[in-house]
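See structure below.
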Amino acid sequence: MLAYSTYSEAGGVGKTTTAANLAVAHARAGLKPLVVPLDPQDGDLSRLFDIDDQRTEAVDNIVRHMIRRPKGNFDDLIRTVDAVDIIPEHNMLSDLAEYLQREKDQAEAMGEAFGMHAQLLRVLREAGVPDEYDVLICDPPATEGPHLYNAIHATRSLVIPVEPTAKGRAAVEGLESLVTGLENQLDVKVGVLGALPIGFKDTRDQRKILDGITYPVPEIIGERASLMEGCWMQQCSAFTYVREHRNRYRDYELETLAQFDKIARHLENEVGIEAPNPPKPGDLDHEVITV
């Protein structure tokens, strides 16, 4: 199974839209992806895919499963959009650290072990996710804490959206230290599958910044603010937005869709997965056949 978390210390670089569009790109190729977003903020992946209607209700959710208090089966949490299975975010994520610490204290009082940062991995394994799915994508918030630590513990790999600015470069350089720190803290090996520069305008300074990125760069995505804002307005992926909400196709947007397809193939190749039905990159008429 291909498993990764989309993460960047810098906010507003397209982390969530990257996770969403890569998930759809994997599904377009006939793979079965599961997305587990863990961001407690309202502007999250569940909002993007328009499945956040129960986030404030007293319903079963991923946090209850992580603290061993589920109200139902894991499969009942799943919502499906564009052939992508998603675990919707819930407001209980805002207090995840408190819930995990309370469960840890209770477990230790009973002489039991409880790894606060390994609970998402436990839940996914007990639900049979590694056998059921081809791809696992986690979308944690940009701040350090149990959301990020659980995501990385579950996936062990990162895909890093990068803003090609001095600020973005500093974030990438800082991420190397962060990865090392996470490896030491979680006692797991963390790999970086790729860095994705987003908002590239081909200036001299930006080219210099890209030259300094030491991670694999499968594609460089240009400035696509209008496309991504449209996705948020219509609450859908870029593929759905261009196909259903544009009155005409724009070449640069089709190019961006093709790039998401190519990035998905790169990530799959990194772990030896061969998609059964890969589309021609950017082909919106491609029929999705899931094997």
Does atom [atom1] of [X] have more than 12 heavy-atom neighbours, drawn from other residues, nucleotides or ligands, at distances under 6.0 Å?
X      : atom1 : answer
Asp53  : CG    : yes
Asn269 : CG    : yes
Glu57  : CD    : yes

Between [X] (side chain only) and [Y] (backbone N and O only), is there a donor and an acceptor less than 3.5 Å apart?
X      : Y      : answer
Lys71  : Ala58  : yes
Gln206 : Asp202 : yes
Asn184 : Thr180 : yes
Asn73  : Asp75  : no
Lys15  : Pro140 : yes
Asp134 : Leu31  : no
Thr18  : Gly14  : yes

Would you sort out whether His90 and Gln54 count as a side-chain hydrogen bond (donor to acceptor under 3.5 Å, both in side chains), showing the intermediate values? CA-CA 7 Å; His90 190 273; Gln54 293 184 312; over 6 Å; no
Is there a side-chain contact between [X] and [Y] in this structure, where contact means two heavy atoms from C-beta onward sitting under 4.5 Å apart?
X      : Y      : value
Asp39  : Leu45  : no
Asp52  : Glu89  : no
Asp60  : Phe74  : no
Val217 : Leu196 : no
Phe200 : Ile221 : no

Work out which heavy atom in [X] is nearest to a heavy atom in [Y]; give both atom names and the distance.
X      : Y      : result
Ala275 : Glu268 : CB-OE1, 3.7 Å
Pro278 : Arg265 : CB-CD, 4.0 Å
His153 : Val188 : NE2-CG1, 4.0 Å
Leu93  : His147 : O-NE2, 2.7 Å
Ala142 : Tyr7   : O-OH, 3.2 Å
Ser5   : Thr155 : OG-OG1, 2.9 Å

Tell me whether [X] shares a hydrophobic cluster with [Y], the cluster being built from Ile, Leu, Val, Met, Phe, Trp, Tyr side chains joined at under 4.5 Å.
X      : Y      : value
Ile263 : Val271 : yes
Leu34  : Leu38  : yes
Leu136 : Leu193 : no
Leu124 : Ile152 : no
Val36  : Val129 : yes

Return the [atom1] to [atom2] distance between [X] and [Y], rounded to the nearest 0.5 Å.
X      : Y      : atom1 : atom2 : answer
Glu244 : Ser237 : CD    : OG    : 8.5 Å
Leu227 : Tyr241 : CG    : OH    : 7.5 Å
Asn21  : Gln259 : CG    : CD    : 11.5 Å
His245 : Thr240 : NE2   : OG1   : 7.0 Å
Leu77  : Ile87  : CG    : CD1   : 5.0 Å
Arg122 : Asn150 : CZ    : CG    : 10.0 Å

Passes side chain to side chain contact (heavy atoms under 4.5 Å, CB included), Met66 versus Ile62? Steps please. CA-CA 6 Å; Met66 291 173 68; Ile62 191 65; 4.1 Å; yes
Start with the C-alpha gap between Phe49 and Val24, add the side-chain angles, then the distance that decides, and say whether side chain to side chain contact (heavy atoms under 4.5 Å, CB included) holds. CA-CA 11 Å; Phe49 275 124; Val24 173; 4.1 Å; yes
For the residue pair Thr6 and Asp139, confirm or rule out a side-chain donor-acceptor distance under 3.5 Å. yes
Lys/Arg-Asp/Glu bridge criterion (N-O < 4.0 Å) met for [X], [Y]:
X      : Y      : answer
Arg28  : Asp82  : no
Asp131 : Arg125 : no
Glu253 : Arg246 : yes

side-chain hydrogen bond (donor to acceptor under 3.5 Å, both in side chains) assessment of Asp85 paired with Thr80: CA-CA 4 Å; Asp85 283 358; Thr80 303; 2.6 Å; yes
Phe114 six-ring face occupied by Lys104 cation (under 6.0 Å, within 45°):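 No - Lys104 does not lie over the ring of Phe114 by the 6.0 Å and 45° rule.
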Derivation and outcome, side chain to side chain contact (heavy atoms under 4.5 Å, CB included), residues Ile198 and Arg224: CA-CA 8 Å; Ile198 297 176; Arg224 298 291 182 265; over 6 Å; no
So Arg69 and Glu103, salt bridge (Lys or Arg N to Asp or Glu O under 4.0 Å) or not? Walk me through it. CA-CA 10 Å; Arg69 301 290 189 278; Glu103 187 66 21; 3.2 Å; yes
Looking at Ile209, Leu210, Ile213, which hits side-chain contact (heavy atoms from CB on, under 4.5 Å) with Val162?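 Testing each of Ile209, Leu210, Ile213 against Val162, the sole residue satisfying side-chain contact (heavy atoms from CB on, under 4.5 Å) is Ile213.
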Quick one, Leu120 with Cys138, criterion side chain to side chain contact (heavy atoms under 4.5 Å, CB included). Give me CA distance, side-chain angles, the key distance, then yes/no. CA-CA 10 Å; Leu120 178 60; Cys138 290; 4.0 Å; yes
